[in-house]
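Single-structure report; data block below.
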Amino acid sequence: MNELLLAAAGLIVLAVAVGLARILRGSDVERLMAVQLLGTGGIAALLLIAYATDVPGVEDVALGLALLAAFASIAFVNLLDADQGDAEA
């Protein structure tokens with residue numbers, strides 16, 4: 001069962017890597033969605049790894065990543081709003 005969970009975590013990390021390519025070459029909206037994918041995928045992979053390996057503290061790291069992902073999304077939206085405000089002025 002643990003091998004299956006670790007394989008699922010590996011697939012999620014692979015999907016997150018594809019999202020990283022979208023961050024490097026994408027429009028602003030695609031970058032925002034890719035940042036959210038990075039946060040969600042990272043949390044899911046960490047939780048699967050934590051359950052499969054019983055390593056203490058990994059759940060806390062996943063919680064910290066969830067907080068950082070939320071703040072990163074808010075900062076990115078504020079940056080997009082600021083750029084659009086400069087373009088209109």
Side-chain angles (χ1 to χ4, degrees):
M1 181 69 176
N2 290 344
E3 293 83 14
L4 180 66
L5 292 174
L6 291 175
L11 287 174
I12 291 172
V13 169
L14 183 65
V16 167
V18 172
L20 181 61
R22 247 322 144 199
I23 288 178
L24 298 176
R25 313 182 216 175
S27 67
D28 290 338
V29 175
E30 289 175 345
R31 288 179 179 175
L32 176 62
M33 294 306 293
V35 166
Q36 290 181 346
L37 173 69
L38 286 173
T40 305
I43 294 164
L46 282 172
L47 289 175
L48 285 170
I49 291 169
Y51 188 76
T53 60
D54 290 329
V55 175
V58 179
E59 294 93 353
D60 296 334
V61 174
L63 181 61
L65 182 59
L67 289 171
L68 287 175
F71 285 122
S73 295
I74 292 169
F76 200 81
V77 167
N78 286 336
L79 180 67
L80 289 178
D81 283 345
D83 286 344
Q84 288 178 354
D86 290 340
E88 292 175 3

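Numbers here are sequence positions counted from 1.
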Kindly list each side-chain donor-acceptor pair under 3.5 angstrom involving residues 5-12, sequence neighbours excluded, with atom names and distances?
none

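One distance of note links CG of Asp28 with CE of Met33; it measures 13.5 Å at 0.5 Å rounding. Interatomic distance, CG of Leu32 versus CD1 of Ile23, reported as 10.0 Å (0.5 Å rounding). Separation of atoms CG (Leu63) and CG (Leu68) is listed at 10.0 Å; rounding is to 0.5 Å. A distance of 11.0 Å separates CG in Leu46 from CG in Asp60, rounded to the nearest 0.5 Å.
For Glu30, the side chain to side chain donor-acceptor pair (under 3.5 Å) partners two or more places apart in sequence, or in a different chain, are Arg22.
Of all heavy-atom pairs spanning Ala15 and Leu37, the tightest one is O-CD2, 3.7 Å. The shortest non-hydrogen separation linking Val35 to Ala72 is CG1-CB, 4.3 Å. Gly19 and Ala34 get closest at one heavy-atom pair: O-CB, 3.4 Å. Considering every non-hydrogen atom in both Ala45 and Val13, the closest pair reads CB-CG2, 3.9 Å. Shown here for Ala62 and Ile43, the closest heavy-atom pair between the two residues is O-CG1, 3.8 Å.
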- Take Leu47 and Tyr51 through the test side chain to side chain contact (heavy atoms under 4.5 Å, CB included) and record every step on the way to the result. CA-CA 6 Å; Leu47 289 175; Tyr51 188 76; over 6 Å; no
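A single hydrophobic cluster is seen to contain both Val55 and Val61, as judged by linkage of ILVMFWY side chains at heavy-atom distances under 4.5 Å, directly or through other members.
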